[in-house]
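In what follows, a structure is listed as structure tokens, so that the remarks can point back to it.
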Amino acid sequence: MEWVDGVPLYHWGSHPDLPSRECFRVLAQLARALAAVHALGAVHRDLKGENVLVRRCDGRALLTDFGLGTFPGAELLTPPAACLGTPLYRSPEAGLFVLHRRRDGSARYAHQPADDLYALGMTACRLLTGEYPEWVEPTQDEHGTWQVHSVRTPASLRGVDPTVRACILRLLAVRPEQRGTAGEFAAALEHASRPPAPAREPARLGGSWLAMAASLTLVAWASWVASVQPVQKTFVVQVMPATEGTQDAGTAGLGESASTASTAQTQEPSVQAPLAQDSPPEPQPGQIRPNAKGRCPHKRQVALNGACWVPSEMDREQCEALGPIGTLFQGRCYVPALSRDRPSTSHPTRPP
């Protein structure tokens with residue numbers, strides 16, 4: 001299975017200079033993946049930021065860890081009364097089932113796509129605001145039945161794009177039938193992630209002004225052509241093949257639709273120097289270093305300036321959009337290859 005070289009969603013989103021449109025783009029990709037899962041009649045049942053990796057090479061979000069997932073015809077392996085998933089991301093209807101289960105221990109909870117949608121709303125809110133929504137305290141009616149009437153969202157959510165905020169509030173609705181679909185959420189965020197259209201110049205311009213502008217343009221262009229001189233600088237980038245017998249760290253994962261991978265190292269992102277095309281990139285903390293022979297452990301990695309890098313086919317604009325992760329050198333984008341000795345983050349159930 002394919003190894004996913006990426007970082008957990010919340011760690012990726014912790015950089016202070018990350019544009020909100022990039023977050024919208026990644027959330028739209030996550031919603032598209034969830035829509036594909038639901039189209040198969042499957043339910044993930046443990047969607048959260050720790051189970052989403054943002055790939056280093058192209059900034060694409062991948063939904064991982066389907067160990068608790070279910071699909072039509074799957075064998076039932078969990079106890080009848082089990083309500084799976086991380087409690088913090090549990091939908092109101094799933095939480096109420098846990099409360100009512102004390103009276104009927106034989107009941108079985110049937111997870112639905114609406115449970116994944118609620119977890120998607122929790123994940124989106126945490127990524128964009130750094131905070132989690134929470135239930136308003138459940139109450140009991142005269143028959144002893146527990147009820148959740150509303151979900152309280154962080155005040156900082158008001159600063160999010162109004163269209164995106166409305167979509168998140170819809171995903172966090174108490175009634176599951178009001179949450180819509182993952183495809184609808186993806187379409188809204190794809191629209192919100194598009195850059196604004198450039199302003200158009202007025203159509204009415206005088207003929208003499210146009211002639212003068214054209215003349216100035218020709219003069220500027222001619223001056224530029226005359227001043228350009230070929231400049232050649234030589235740098236040596238050594239691409240080393242993998243050593244014989246090198247293994248992919250024994251790590252298994254899935255590609256575009258699903259993967260099971262441990263979480264990336266949760267160090268705080270470092271501030272990187274501005275992108276430059278004429279100087280080799282500086283090594284980053286925690287980055288893999290070549291061995292004594294100058295070779296990196298993976299055949300896709302490049303030994304450059306005393307560290308291992310992964311080359312990418314992204315253009316300059318896409319590379320710069322990665323913030324401190326991407327480095328442009330001699331017209332090509334490189335991302336640091338970080339150590340795979342990552343601590344597990346699969347078990348937290350409360351916000352930090």
Side-chain angles (χ1 to χ4, degrees), residues 1-15 18-38 42-69 84-91 113 115-133 164 167-168 171-172 182-183 185-186 188-190 193 251-267 269 321-323 325 335 338 340 342-349 351-352:
M1 292 182 286
E2 180 185 359
W3 161 258
V4 180
D5 186 14
V7 295
L9 179 64
Y10 300 152
H11 178 66
W12 171 84
S14 64
H15 192 275
L18 184 67
S20 59
R21 294 185 186 277
E22 281 297 296
C23 295
F24 298 163
R25 177 186 62 81
V26 164
L27 287 173
Q29 293 174 352
L30 174 58
R32 288 297 180 193
L34 195 60
V37 171
H38 293 169
V43 183
H44 188 280
R45 299 204 294 188
D46 197 21
L47 193 152
K48 56 183 178 180
E50 290 84 355
N51 287 339
V52 179
L53 295 177
V54 181
R55 199 161 53 189
R56 300 180 192 275
C57 64
D58 57 4
R60 184 172 183 81
L62 299 176
L63 178 58
T64 71
D65 197 352
F66 281 74
L68 294 180
L84 305 179
T86 304
L88 182 60
Y89 294 79
R90 191 172 287 163
S91 66
D115 295 292
D116 284 347
L117 293 173
Y118 183 86
L120 178 61
M122 291 285 289
T123 302
C125 187
R126 169 63 177 81
L127 175 66
L128 297 176
T129 69
E131 301 177 81
Y132 288 95
V164 177
C167 292
I168 293 175
L171 291 176
L172 296 174
F185 183 71
L189 265 74
E190 286 165 354
S193 66
T251 307
L254 290 177
E256 293 294 336
S257 60
S259 66
T260 302
S262 60
T263 309
Q265 183 177 1
T266 56
Q267 63 184 18
L322 294 178
I325 299 178
V335 294
L338 299 181
R340 295 173 181 173
R342 303 178 172 99
S344 174
T345 58
S346 298
H347 303 293
T349 60

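Keep in mind that the numbers below use all heavy atoms, side chains included, and drop hydrogens, waters and symmetry copies. Numbering of residues begins at 1 and proceeds along the displayed sequence. Bear in mind the structure is a predicted one, so any value in this text is a computation, not a measurement.
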How about [X] and [Y]: do any of their side-chain heavy atoms sit closer than 4.5 Å?
X: Leu117; Y: Phe185; result: no
X: Ile168; Y: Leu128; result: yes
X: Thr123; Y: Tyr89; result: yes
X: Arg56; Y: Val7; result: yes
X: Leu171; Y: Tyr118; result: no

Short question: side chain of [X], backbone of [Y] - any donor-acceptor pair under 3.5 Å?
X: Asn51; Y: Asp46; answer: yes
X: Thr86; Y: Leu88; answer: no
X: Asp116; Y: His44; answer: yes
X: Gln29; Y: Arg60; answer: no

Would you give the length of the straight line joining atom [atom1] of [X] to atom [atom2] of [Y], rounded to the nearest 0.5 angstrom?
X: Cys23; Y: Leu127; atom1: SG; atom2: CG; result: 4.5 Å
X: Glu50; Y: Thr64; atom1: CD; atom2: OG1; result: 10.0 Å
X: Leu27; Y: Leu120; atom1: CG; atom2: CG; result: 7.0 Å

